[in-house]
Amino acid sequence: SQRVIIIGAGIVGTNLADELASRGWTDITVVEQGPLNMPGGSTSHAPGLVFQTNTSKTMTHLARYTVEKLLSIEKDGQKCFNQVGGLEVATTPARLEELKRKLGYASAWGIEARLVSAEECFKMYPHLNHDMVLGGLHIPSDGLALAARATQLLIERTKQAGVRYLEHTPVTGIERAGSRVTGVTTPNGSIPADIVVSCAGFWGVELGAMVGVQIPLLPLAHQYAKTTAVPALAGRDINSQINGMNATLPILRHQDQDLYYREHGEQYGIGYYGHRPMPVIASSLGLTPKHVDEHNMPSRLEFTKEDFDPAWKETQSLLPILQETEIADGFNGVFSFTPDGGPILGQPSHLDGFYVAEAVWVTHSAGVARALAQILTTGHSDIDVSECELSRFEEVQLSPEYVSETSQQNFVEIYDILHPLQPRESPRKLRVSPFHARQQELGAFFLETGGWERPWWYEANKDLVKALPASWRPVERDAWSAQFHSPISAAEAWKTRNAVAMFDMTSFHRFEVSGPGAVQLLQRLTTGNMTAKPGSVTYTLLLNNHGGIRGDIFVSRLEDDVFQIGANSATELAYLQKEARLQGKHGSQWAQVRDITGSTCCIGLWGPRAREVISAISADDFSNKALPYFGVKKTILAGIPVTIIRKSYVGELGWEIQSSAEYGQRLWDIIWQAGKLHGLIAGGRSAFNSLRIEKGYRTYGVDMTTEHNPFEAGVAYAIDSNKSDDFVGKAAIQRLSTQTPTRRLRPLTINDGRSVVLGKEPVFYNGKAVGYVTSAAFGYTIGQPVAYAWLPGSVNDGESVEIEYFGKRIPATVSAEALYDPGMSRLIQ
Ligand code: FAD
């Protein structure tokens with residue numbers, strides 16, 4: 001068994017020790033700076049409300065496992081999870097609508113939930129003010145985690161399994177030899193290890209710094225207060241050990257005012273997110289004292305009553321029974337926030353043996369611990385955790401300035417109603433393509449992803465909407481789906497299908513893989529055959545050992561030893577870089593993987609008239625014979641060195657034209673000028689998404705993840721069945737290829753021709769929720785809204801299903817693929 005050191009004995013570290021021990025690992029040491037009985041981190045005072053439902057399927061499933069696990073832990077008949085249920089109340093019509101959307105998430109992710117009327121809310125929670133509540137969402141399996149107690153029970157259980165605990169032992173350094181960690185330093189000496197996992201909660205930044213890893217989390221203080229005894233509840237058992245097990249009311253959320261509530265025996269607990277963000281630097285909190293108690297721990301800062309005043313006033317309105325009480329005790333408790341609100345899990349690509357599991361709520365703690373234990377023991381987690389990966393953050397997103405601003409914004413917005421397309425307001429213009437100035441001149445409406453400004457549509461195309469043929473006219477949308485949308489995208493789609501459009505593809509990731517070991521690296525990691533001659537492009541998959549999809553990439557072979565990769569995420573870059581490093585280390589020929597996204601730019605020039613445009617600026621032969629579909633070449637276009645790849649995400653004839661970034665603006669201008677005669681427009685991402693979905697092209701991370709195999713996801717065509725070399729996932733693929741998929745990603749068309757959904761809605765078949773929508777858009781070419789959805793494998797083409805959108809069921813039909821140009825005649829001409 002590997003020697004493992006876990007730093008931190010909070011709810012995450014102890015769960016990880018337990019998950020590893022239960023998988024048979026025997027050499028585990030947990031090092032904790034505080035006393036074990038109350039280490040003094042966030043867990044030591046966490047009120048432990050577990051609301052499982054989240055917009056993210058991953059987070060919901062991590063929470064669901066946490067509930068299952070905590071329910072299973074008990075000692076002397078005393079449990080550490082009180083499944084009182086969760087009630088979220090609406091006091092505004094907008095929140096009432098939002099709860100319908102939330103019910104949709106619950107159904108989509110398999111959590112039982114029910115919208116309840118105001119009357120039912122009062123029955124469930126008699127203390128609520130009848131004049132305020134409009135209705136609620138009830139989730140029976142939510143409840144109260146007794147996190148501190150669970151931690152103690154886990155310590156006891158893992159000690160019995162042989163896990164060693166060192167208390168009062170701060171880790172002051174992480175030791176390494178080359179690119180591998182070798183142990184930790186403590187005041188009592190070094191402890192050697194093969195694997196070091198930092199579960200240090202909001203101290204994560206300091207721990208990461210010990211080994212040169214930037215951890216993008218920000219500790220923030222959050223106010224929590226307890227009232228004096230509520231007279232009506234007087235006499236309840238308030239034994240602190242089991243504090244919480246005697247609660248009977250559901251945990252309560254009043255998100256319209258950033259508030260949540262739980263019972264503490266005769267008292268009430270009130271949590272508040274409505275105050276100003278209060279950032280904390282963990283290292284400024286000093287050493288954890290020898291003696292920690294409820295009032296004396298590093299994660300507990302002094303209560304700033306004036307920040308709590310609005311919460312107290314609002315609370316007394318919502319729960320009039322509390323007018324008979326006062327604030328007995330309050331504190332500003334510290335825990336971690338991140339730029340996107342997700343936890344931080346995984347390892348840096350440049351260092352072996354170092355892992356993190358930080359910025360994790362109690363709600364997701366056991367789920368995260370299990371995922372990491374599975375990664376350590378089997379190489380992959382059952383629940384897809386790509387959205388939690390440390391490597392999801394781009395370099396600029398790791399800067400302290402970015403982390404601070406965005407994490408504080410997340411604190412402010414934690415209970416807000418957020419549209420799925422809503423961009424952050426700041427920081428903006430962190431990353432702009434060389435075409436940005438031109439796009440602004442064309443009135444681009446920008447949304448932001450990964451720091452990039454991406455045009456969604458161009459106001460310059462407004463007049464085209466009036467010129468649209470009747471069958472292309474955009475339909476009226478409901479208020480929610482009309483946000484961040486413009487009918488202009490219909491015109492941009494029309495132009496792409498009928499003339500030609502240019503799309504800014506710069507923000508898509510581009511990596512260069514080079515060196516004598518490049519072929520070997522890509523052969524080993526992908527499902528395709530990378531020995532094809534230079535000049536060819538291959539669409540291929542990155543799999544894990546279980547055949548789950550961990551990425552899909554386009555590989556262009558530019559020279560014998562130089563490949564260019566088109567990918568979707570920074571996580572794919574981290575994976576390739578790590579594997580390239582290990583390949584060199586293990587004595588094979590070296591390969592280098594370099595991110596060239598920012599130093600290059602890319603225009604997608606697509607549409608039936610694309611060839612006329614490119615021929616106007618180049619004497620090269622761009623015929624189908626000279627540069628066939630999935631061909632690539634380097635050339636000069638009107639004096640600019642470019643790489644031209646014959647591929648298209650929108651399903652039309654054309655190329656991706658890439659150049660070094662400094663030529664970008666000139667490249668744009670040259671194509672723009674040449675295109676004028678041929679009706680060229682600039683197209684935004686809104687039209688692009690519609691065109692891609694109609695064509696059936698999947699987006700990794702949205703349509704498919706590590707939870708899906710290529711046969712289910714409909715991308716088995718990207719596996720080269722003649723490939724003789726071994727590759728990651730090959731054995732699994734051979735096994736899976738003989739099985740009938742139990743679920744499949746299917747296109748749906750919406751019967752009424754107008755109801756647009758946005759993604760993540762549940763899909764019902766014969767009245768039962770059986771799947772969920774991934775991508776969705778209005779399909780302008782086919783004149784109907786389209787959605788991709790995961791459905792049971794037994795559901796056939798032509799069958800009827802229903803998509804639930806804000807509580808309404810929208811009839812849809814399962815369709816054959818692709819909805820647009822299945823014969824590829826538009827692409828190959
Ligand atoms: P911690 O419990 O902080 O554990 C980290 C441990 O690492 C600490 O014990 C620390 O001493 C140790 N450590 C750090 N540095 C070192 C070092 N150098 N050497 C050795 N040991 C080290 N979550 C919910 O899900 N629901 C809620 O209702 C909820 N409410 C909250 C209310 C408040 C007021 C606060 C502050 C947090 C709340 N949270 C809630 C969040 C939750 O408490 C935390 O996210 C969670 O407890 C983090 O657990 P952890 O194990 O990662 O971190």
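Along the sequence shown, residues carry numbers from 1. Whatever order the structure lists ligands and atoms in, that order sets their numbers, starting from 1. Quick caveat, the model's predicted, so the values are computed rather than measured.
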Practice task
For this output row, return yes or no: ring centroids of Tyr272 and Trp312 closer than 6.0 angstrom.
Solution key: no
Exercise for the section: State plainly whether the residues Asp27 and Arg3 are in salt-bridge range, i.e. N to O under 4.0 Å. Expected result: no
Problem - Near-ring test His127/Tyr261, centroid separation under 6.0 angstrom - result: no
Check ligand 1 for close polar pairs with the protein: N or O on both sides, less than 3.5 Å.
residue	atom	partner	partner atom	Å
ligand 1	2 (O)	Ser42	N	3.3
ligand 1	2 (O)	Thr43	N	2.9
ligand 1	2 (O)	Thr43	OG1	2.4
ligand 1	3 (O)	Ser42	N	2.8
ligand 1	9 (O)	Glu32	OE1	2.7
ligand 1	9 (O)	Glu32	OE2	3.2
ligand 1	11 (O)	Glu32	OE2	2.6
ligand 1	11 (O)	Gln33	NE2	3.1
ligand 1	18 (N)	Val171	O	3.1
ligand 1	19 (N)	Val171	N	2.8
ligand 1	21 (N)	Gln33	N	3.1
ligand 1	25 (O)	Val362	N	3.1
ligand 1	25 (O)	Thr363	N	2.8
ligand 1	25 (O)	Thr363	OG1	2.6
ligand 1	26 (N)	Leu49	O	2.9
ligand 1	28 (O)	Leu49	N	2.9
ligand 1	45 (O)	Val360	O	2.7
ligand 1	47 (O)	Thr43	N	3.2
ligand 1	47 (O)	Thr43	OG1	2.9
ligand 1	49 (O)	Thr43	OG1	3.2
ligand 1	51 (O)	Ile11	N	3.1
ligand 1	51 (O)	Val12	N	3.0

Problem - Check: Phe303 ring centre within less than 6.0 Å of Phe331 ring centre - result: no
Practice task
Compute both the distance and the angle, then confirm whether Arg370 meets the cation-pi test with Tyr65: under 6.0 Å from the six-membered ring centre, within 45 degrees of the axis.
Solution key: yes
Problem - Pairs flagged by salt bridge (Lys or Arg N to Asp or Glu O under 4.0 Å) wherever residues 6-21 is involved - sequence neighbours left out - result: Asp18-Lys69, Asp18-Arg157, Glu19-Arg23, Glu19-Lys69
